[in-house]
Amino acid sequence: MYETNYHRASSVEEAVRLLAGAEDGKFLGGGQTLIPTMKQRLASPSDLVDLGGIAAMKGISDEGGAIRIGAGTPHYDVATSDIVRNRIPGLASLAAGIGDPAVRHMGTIGGSIANNDPAADYPSALMALGATVVTSKRELAAEDFFQGMFDTALDEDEIVTAVIFPVPEKSAYAKYPNPASRYAMAGVFVAKTGGMVRVAATGAGQNGVFRIAEMESALAANWSPSAVAGVTVDADELLSDIHGSAEYRANLVTVMAKRAVAAAG
Amino acid sequence: MGVEGIGARALRKEDKRFITGKGKYTDDMVLPRMTYAAFVRTPHAHAKVTNIDASAALDMPGVEAVLTGHELVADGIGNLICGWMIHSKDGSPMNMGAWRALESETVRFAGQAVAVVIADTQAQARDAADQVVVDYEELPVVVSTTDALAGGAPQLHPEAPGNLIYDWDIGDEAATNAALSSAAHITRLEIDNNRLVPNPMEPRAALADYDAAEEHYTLYTTSQNPHVARLVLSAFYNVAPEHKLRVIAPDVGGGFGSKIFIYPEEIVALWASKRVGRPVKWVSDRTEAFLTDAHGRDHKTVAELATDANGKITGFRVQTVANLGAYMSLFSSSVPTYLYATLLSGQYDIPAIHANVKAVYTNTTPVDAYRGAGRPEATFVVERIMETAARELGLSPAEFRRRNFIRSFPHQTPVIMCYDAGDYDSSLDAALKAIDYDGFPVRKAEAASRGKLRGMGLSCYIEACGIAPSAAVGSLGAGVGLWESAEVRVNPVGTIEVLTGSHSHGQGHETTFAQLVSERFGVDTNAVAIVHGDTDKVQFGMGTYGSRSGAVGMSAIVKALDKVEAKAKKIAAHLMEASEADIQIEGGELKVAGTDKKLTFTEVALAAYTAHNLPEGMEPGLKEGAFYDPTNFTFPAGTYACEVEVDPDTGKTRIVKFVAADDFGKIINPMIVEGQVHGGLTQGIGQALLENAVYDEAGQLLAASYMDYAMPRADDVPSYELYTTETACPGNPLGMKGCGEAGAIGSPPAVINAITDAIQNNNLAMPATAERVWRASRGVMAQAAE
Ligand SMILES: Cc1cc2nc3c(=O)[nH]c(=O)nc-3n(C[C@H](O)[C@H](O)[C@H](O)COP(=O)(O)OP(=O)(O)OC[C@H]3O[C@@H](n4cnc5c(N)ncnc54)[C@H](O)[C@@H]3O)c2cc1C
């Protein structure tokens, strides 16, 4: 690791101000991606502005038709929250399957989506549930927030403060983990919200998370695993690496979609 | 604790310090005025170094020195050696290219050290290493064994034309060819044994301290064999003569073979500490460990097994190409030869065997011994082809093996080894019973009703441990003897210190060795201390590898204990005015048989040291040493049975049940043995399902972190069921065979045999990743659907 200056903010405004004063600063969420990257000397921010002390960015609330999750909420809290478990069970089970207990207690939903790792789990849930990302500057539809591998609509000095999830009728996530990292090789989130079906896949796409229109229309007509069994995504658009070829990932996307639909009931 | 002798499940004495974070590892050592080393490593797998510019680095804060291979050579530091001479079948010695601890001319694998920066702090050293500007002229790269031998392949070393290190053979070629040509059936198999990274929990580290006044060096290092390290550093690398070099291997967090070898970094740390006049510490980070710890396996083999009309094996022909990487590591040459092909007879009576092994250079990390070293590769070939042949012959795999088991001992195989004892039927019986072999069809049908594929696989492994006797290994080319030493010091108050040449880096010697003493003298294990790992404290010894610490190391202790016992009895007889023959040791006391006369062990020890009343002419004290050189290898053997369930949708394999029935001979501490088997099995299952050190065409290791190198985790393996059968080993006083590697040796073929059974397709490469299994099972599923 290179030397860095550490700051702890207690409000979103203070965090933005601290970053503005830094030469090449970075926000720090749970540190589960940024710190390992720094330890490997692959990132060397001059300053770290820790968002962990901002109370307003933490917690989960039921706002009637939607659930609001503060961006600083760790995966463990999402996984074990009664609100999330009752209202969006697919999201709770997704959070329960991220990394290991240490990662789940430290890593945050805001950090995960700001990082937008193509193999991360959360982006699929935001896309499939039609979530809204609230930032220090604006509100963005998930669709507009994710912009491809490790890329989002966020400005350098913009903080994700919360994510708002509409409450679905049905939701489930099925993940095939990479055998080494246990990130998603293919993860599919299916949701039916206000009668509308959305299916989003992560881990497999060359440009990060993506929706699968053909599965969505098939499920809208017939919500059953067999409806998606015959739908395969185009392997040309998928990732290929030492763990799985694009063709294999295409198969996994179909299999995970089937399993997610079955789990959603 | 109390008296815990042979066979007791004694809790490990060393664990208190390990689990409370009080272990003392090399990186825990801190010396005054200590500096840190950071290596400048080539990103290219093959390149000429055209220039090294250290000027910017030298200007960085805290930097003491930037050293390159030029200074290293100028100071007369020797090239790295390979300590086992192999001759090709034409009689010529192996072709060995020069390996320098710092290479400033031609680099041959990504990660090789080109220069080193010495600075006040680790961060400063690393920052400065980033600023050393090295110019490279890239050369063409070769990474696979097949490509290495192809005409026109890039050449690594001028000493090894065609990248060929040796072309070696063993066995009777003519007899084997004759058996194959007259066979009723020939089973042919092409088998790759995947390359592995050892991954001990503690990465390598070295702390070197030069004392200019005494011209003396101290090296703390992560070694499995500190005396061998000192010997090699002295005799070949010209660092210092042995009496001017102390090597200490303190607590070491796992080795699996990778810490046998003396690496460039230790040599450089010693040399640099003299250069800068300050202690130099280097601690490998995990990326360096992936790139520079000697890798394991990496064989490509074609095997042909001949059988007669009755399903009896008549001949076995094996051709293997072994990838040794860019340089020949310390024992690399022996692994695919004498540690591999000598085990190709397996548990079977095979009249004719011939094996040809070619070893090649490639632009990859050097390959050397890794848990099992050659024996897993042999077992994989033998047990995969046994299962395949059984299927081809329409025999049950268990029955086919039984038809060919060796049943009379000693048994001379056609490939050097003479098996001393064993009972292969009984371990096979135990495994089949435990896994309910006969009930398998029912479970298979039940799984099929859920859309899953069940498979059953066996592996009847045999291996050779101890890596001794010395004269035998010497005649096969070993540069060292492979005996072991021990000294037993009874203190005046009766506590006992055992100085052993073995080295514990996770094996639990402090417990098992103490149990041996406790058994002998009836003393509390807490009254026994095991001293190891320091060349200033312990007499010369050979260290720990090849599952030898029990069979060889403890045998040396037994010999020393014999001498101590004899002297103690003499003293007791003298003091109690009895005949020596009537003295019995029991419960910590020396008694005169048939009387109530007795002395405690402590009283006898004290008498030896006060020396007020000793037998005429006896020297004072109670301390004896011994060297033990075995008469043969030991031959642990057993049967592993594995039942898997494959999900054809994803290709994911779940191991439903894994049974191990091992014959390790006499067992000192069953709990520790079980731990060794659990660890070994898990590493073997890791090789079978997950682990793969893959390179790209440019020689970049693609699996160079835990994000991509899949280590087995608890949920990848089942809860093991372990059984032991016991035939005593006649070759050593305790009848021990060794248990450290068997799990890793025997398990991969059991797993692959089970998966290929499940998917009804024998064409499956290891590791059997989900994608490979999915592809290999697709045709089968289509067929089943028809
Ligand atoms: C061993 C391990 C296993 C893992 N397994 C998984 C897995 O299975 N699935 C999965 O999805 N993830 C996995 N992760 C990643 C984990 O979920 C991380 O927590 C997450 O990717 C990043 O969240 P963080 O809060 O730790 O962010 P940090 O690491 O602190 O930050 C990551 C990036 O986001 C920025 N950032 C952080 N918070 C905000 C914010 N509120 N607004 C704007 N920018 C912000 C930072 O500046 C940085 O660029 C794993 C991580 C580890 C170490």
Check whether [X] gets within reach of chain A through its side chain, its backbone, both or neither, counting any heavy atom under 4.5 Å.
{"X": "B:Ser705", "answer": "neither"}
{"X": "B:Thr650", "answer": "both"}
{"X": "B:Leu690", "answer": "side chain"}
{"X": "B:Arg126", "answer": "both"}
{"X": "B:Asp127", "answer": "both"}

Between the side chains of [X] and [Y], is a donor N or O closer than 3.5 angstrom to an acceptor N or O?
{"X": "A:Tyr183", "Y": "A:Asp117", "answer": "no"}
{"X": "A:Asn251", "Y": "A:Thr254", "answer": "no"}
{"X": "A:Tyr2", "Y": "B:Asp130", "answer": "yes"}

Output the distance between atom CG (A:Leu252) and atom CE (A:Met185), rounded to the nearest 0.5 Å.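 The CG atom of A:Leu252 sits 5.5 Å away from the CE atom of A:Met185.
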To the nearest 0.5 angstrom, please state how far the CG atom of B:Asp708 sits from the CZ atom of B:Phe290.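 The CZ atom of B:Phe290 is 9.0 Å from CG of B:Asp708, to the nearest 0.5 Å.
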With a 4.5 angstrom heavy-atom cut-off, is it the side chain or the backbone of [X] that approaches chain B, or both, or neither?
{"X": "A:Tyr176", "answer": "side chain"}
{"X": "A:Glu3", "answer": "neither"}
{"X": "A:Lys258", "answer": "side chain"}
{"X": "A:Asn178", "answer": "side chain"}
{"X": "A:Ser245", "answer": "both"}
{"X": "A:Arg41", "answer": "side chain"}

Assess whether side chain to side chain donor-acceptor pair (under 3.5 Å) is satisfied between B:Gln700 and B:Tyr695, documenting all intermediate values. CA-CA 5 Å; B:Gln700 298 298 325; B:Tyr695 283 88; over 6 Å; no
Residue selection (most heavy-atom pairs with chain A, distance under 4.5 Å) from B:Thr769, B:Leu702, B:Thr287: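 Most heavy-atom pairs within the cutoff with chain A belong to B:Leu702.
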Between B:Asn692, B:Val694, B:Asp715, B:Asp285, which residue shows the highest count of heavy-atom pairs closer than 4.5 Å to chain A?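 Maximum pair count with chain A is reached by B:Asp715.
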Could you check whether [X] pairs with [Y] (Lys NZ or Arg NE/NH1/NH2 to Asp/Glu carboxylate O, under 4.0 Å)?
{"X": "B:Glu288", "Y": "B:Arg41", "value": "yes"}
{"X": "B:Arg195", "Y": "B:Glu691", "value": "no"}
{"X": "B:Arg454", "Y": "B:Glu645", "value": "yes"}

